[in-house]
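Reviewing the structure listed below.
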Amino acid sequence: MTTGIPALDAALVWGGAVSVLGTVGTVAWRVGRGVAHFASRAGQFFDDWYGEEGRPGVAPRSGVMVRLASLEDGLDHVRHEVRPNSGESLRDAVDLANERLARLCPDPQPGCGDGQAGCGPPPLPPPEEPPASPAP
C-alpha cells in the first residue's frame with residue numbers, strides 16, 4: 001500500500017516508526033519508574049526490618065526483632081508488678097495496704113455500703129437555721 005509519492009511514503013514509514021518507538025519508550029519509562037519506586041520502598045522496609053548502622057550525624061536504629069524483644073522484656077516486668085508473687089510487686093504492696101486498712105477499720109457502718117466504722121470523714125452537724133429577722 002503506497003501513495004505513489006516516494007517522499008510521502010518514506011515520511012509515513014518514519015512517522016510510524018517514531019510513534020512506535022515513542023510508545024515503547026514511554027511504556028518502558030513508566031515501568032522502570034514503578035520498579036524504581038517499588039525498590040526504594042522495599043529498601044526502606046528492609047532498613048526498618050533489619051535496622052541500620054550508625055553513621056556520622058545519624059544514630060543507629062535497631063531492627064524490628066530487637067525492638068520486639070525489648071517490648072517483650074518490658075511486658076514481663078509489667079506482669080511481675082501486677083501479679084502477686086514474692087512480696088516485691090506492686091500488687092503485693094496494694095494487697096498488704098488493703099489488709100492493714102481492714103485491720104484498722106474492722107466494723108462496717110450501717111448504711112455505708114462497704115464503709116468501715118470509724119473510717120472516713122466525721123458526719124457533718126445539722127445546718128443551723130438563720131436567725132429570725134425582727135418584725136417591723
Side-chain angles (χ1 to χ4, degrees):
M1 198 158 142
T2 62
T3 61
I5 305 171
L8 181 60
D9 289 341
L12 290 174
V13 167
W14 281 107
V18 168
S19 296
V20 168
L21 288 176
T23 301
V24 168
T26 301
V27 168
W29 176 73
R30 299 279 311 247
V31 168
R33 193 175 82 174
V35 168
H37 179 70
F38 177 77
S40 171
R41 298 294 298 241
Q44 290 173 355
F45 170 78
F46 286 118
D47 286 345
D48 289 341
W49 186 262
Y50 293 111
E52 288 187 278
E53 297 293 325
R55 55 186 191 273
V58 179
R61 292 187 325 179
S62 301
V64 170
M65 291 303 177
V66 172
R67 289 185 278 179
L68 186 59
S70 171
L71 288 173
E72 288 176 346
D73 291 342
L75 187 58
D76 287 341
H77 181 71
V78 170
R79 283 187 188 130
H80 171 78
E81 291 299 324
V82 298
R83 292 186 177 152
N85 50 31
S86 62
E88 298 177 3
S89 69
L90 178 63
R91 173 67 185 266
D92 291 328
V94 169
D95 289 345
L96 180 62
N98 284 338
E99 180 183 328
R100 288 178 177 171
L101 181 63
R103 278 191 240 145
L104 287 175
C105 306
D107 302 320
Q109 287 182 350
C112 290
D114 292 340
Q116 303 292 326
C119 292
L124 295 174
E128 295 180 18
E129 294 190 23
S133 43

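Taking CD from Glu88 and CD from Glu81, the interatomic distance works out to 9.0 Å, rounded to the nearest 0.5 Å. To the nearest 0.5 Å, atom CG of residue Asp92 and atom NE2 of residue His80 are 8.0 Å apart.
Within the 3.5 Å criterion, the main-chain N or O of Arg91 finds no donor-acceptor partner in the side chain of Arg83. Remark: the backbone N or O of Gly22 is paired with a side-chain donor or acceptor of Thr26 at under 3.5 angstrom.
Val66 and Phe46 end up in different hydrophobic clusters when Ile, Leu, Val, Met, Phe, Trp and Tyr side chains are linked at under 4.5 Å. A continuous path of Ile, Leu, Val, Met, Phe, Trp and Tyr side chains, each step under 4.5 Å between heavy atoms, connects Phe45 with Tyr50, placing both in one hydrophobic cluster. No chain of hydrophobic side-chain contacts below 4.5 Å, direct or via other Ile, Leu, Val, Met, Phe, Trp or Tyr residues, connects Trp29 to Val35.
Considering all non-hydrogen atoms of both residues, Ser89 and Pro84 come closest at OG-CA, 4.4 Å.
Contact annotation: the side chain of Glu99 never approaches that of Asp95 to less than 4.5 Å [non-hydrogen atoms, C-beta and beyond].
Residue pairs meeting the salt bridge (charged side-chain N to carboxylate O under 4.0 Å, His left out) criterion with at least one partner in residues 52-62, sequence neighbours excluded, are Asp48-Arg61, Glu52-Arg55, Glu52-Arg61.
Exactly one of Asn98, Leu96, Leu104 qualifies for a side-chain contact (heavy atoms from CB on, under 4.5 Å) with Arg100. That residue is Leu96.
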